[in-house]
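Right, one structure below, let's go through it.
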Amino acid sequence: MVQLKSVSKPVAATLEAAAAPSPRKTTAGGGGATSEASRSARLLGRGKSDQPLRREFVTSPVLETVIGVDERVRILDTDLAPWRMICSLNMQAGGGSAIGTGWLVGPRTVITAGHCVFSNLFFGGWADSITVIPGRDGSEIPFGQTVATRFAANDLWVANEDPDFDIGCIHLEEPLGDTVGWFAVGALPDAELTDFLINVSGYPGDRGNGREQYFHKNRILRVTDRRIFYDVDTFGGQSGAPAWIYPEGSDDPLAVGIHAYGTGGTPSTFGITANSAPRIIPEVFDLIQSWIAEDTPAPAASSC
Amino acid sequence: MLSKAAPRTVRVLDAGGNPVAGAFVTVVSGSAPTPEITLLTNAEGRARLGLPSGTFTLQAQTPDGTKATVDVAGGESPDEIEVRLG
């Protein structure tokens, strides 16, 4: 069993005690914004499938992360769930900048890839600041934006930049999740994950300049101890996007991974062409719970 | 591990050799895991990135869609990676 420890960007902060252990599945938040059903929701992959979704292949894929013909679809009603829970990220670090994707997991907690908050290779360490824009659609910013400066990752990412633990957190000062809602997260065993249709949506740099949300889905191809592999088209900028499923009978999006790598991250011995996400395993689940707890204000003291 | 990669600099230039600020730089193909982050070039047309050992293809794309790719050997190198558009 792997022990993971949270590592936070050095700022003055008081950590609240981590939440007590609980079943490894949280509940999604609907948010206070409209509950109008998204028309794009018809695109979502729900439940399991006996077969992967058919797709058109070319013999020589040009891009490693768009696998064959680009089947990503632009989401226009990003002001509706679940799309509004997904955030465009603009990172400023070390005199440079980058784009990525994050998603709400609680009122003040955004999950993303570890390399979006800490990277020796791209940032020379921690990001300086990240602008978080939930539900962005081009120049439309339906829920405003916030600039965050408090981040966290886990020790295995910060020490080794291990792709299996490429998971990070952005702590928000404003409870944006109370408006837009948030994803449930779950640490599911292999047997439960197998054959699920998985959804990935984020803000790529090749279409929309990191300002438009693009979505694709397909069946999970393979599950290892720490990663989920899928034949879902993505591109740079979608780092940190949620990889989520819909269990039978549920309309709540359940994140099971954090999209982070293109096909170069899939071992050739697997015999598959796939992108991948670090998997939400029990240790990662507990870490995410601790981040949510850290962002949960303490109840006001009674004056009685 | 990505920590064994070495940071380098990529520079995006236009057809006239002028630096292109605000270009999107992405690793679009590689023989080793590379994060799916996209970097933006600064006023000098430069962005910092690290590549582990292996071979990679970088793509630079301007906001108006002009793009170019370059094949790069990863690992440590003092050489700046140049991507020329147009």
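Just so we're on the same page: letters track the sequence lines, and every chain starts at 1. Just so you know, these numbers use all the heavy atoms, side chains as well, and skip hydrogens, waters and symmetry mates.
B:Thr38 touches chain A through backbone and side chain together, each having a heavy atom under 4.5 Å away. Proximity to chain B is limited to the backbone of A:Ala260, based on heavy atoms less than 4.5 angstrom apart.
For the set B:Thr62, B:Leu40, B:Thr26, the entry with the most heavy-atom pairs within less than 4.5 Å of chain A is B:Leu40. Note on A:Gly240, A:Ser119, A:Gly210, A:Gly124: by heavy-atom pairs under 4.5 Å with chain B, the leading option is A:Gly124.
Taking a cutoff of 4.0 Å between a charged side-chain nitrogen and a carboxylate oxygen, B:Glu82 and B:Arg11 do not qualify as a salt bridge.
Using a 4.5 Å heavy-atom cut-off against chain A, no residue of residues 67-74 of chain B qualifies as contacting.
Two rings, from A:Phe183 and A:Trp103, have their centers less than 6.0 Å apart. For A:Phe118 and A:Phe123, the ring centers are positioned 6.0 Å apart or more.
When every heavy atom of A:Thr149 is checked against every heavy atom of A:Lys9, the shortest pair comes out as O-NZ, 3.4 Å.
Residues that satisfy the side chain to side chain donor-acceptor pair (under 3.5 Å) test with B:Arg46, not counting sequence neighbours, are B:Glu44, B:Glu80. When the side-chain contact (heavy atoms from CB on, under 4.5 Å) test is applied to B:Thr41, the partners found at least two apart in sequence or on another chain are B:Val12, B:Ala23, B:Val25, B:Ala47.
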Distance-only donor-acceptor pairs under 3.5 Å for side chains of residues 86-97 of chain A, two or more places apart:
none

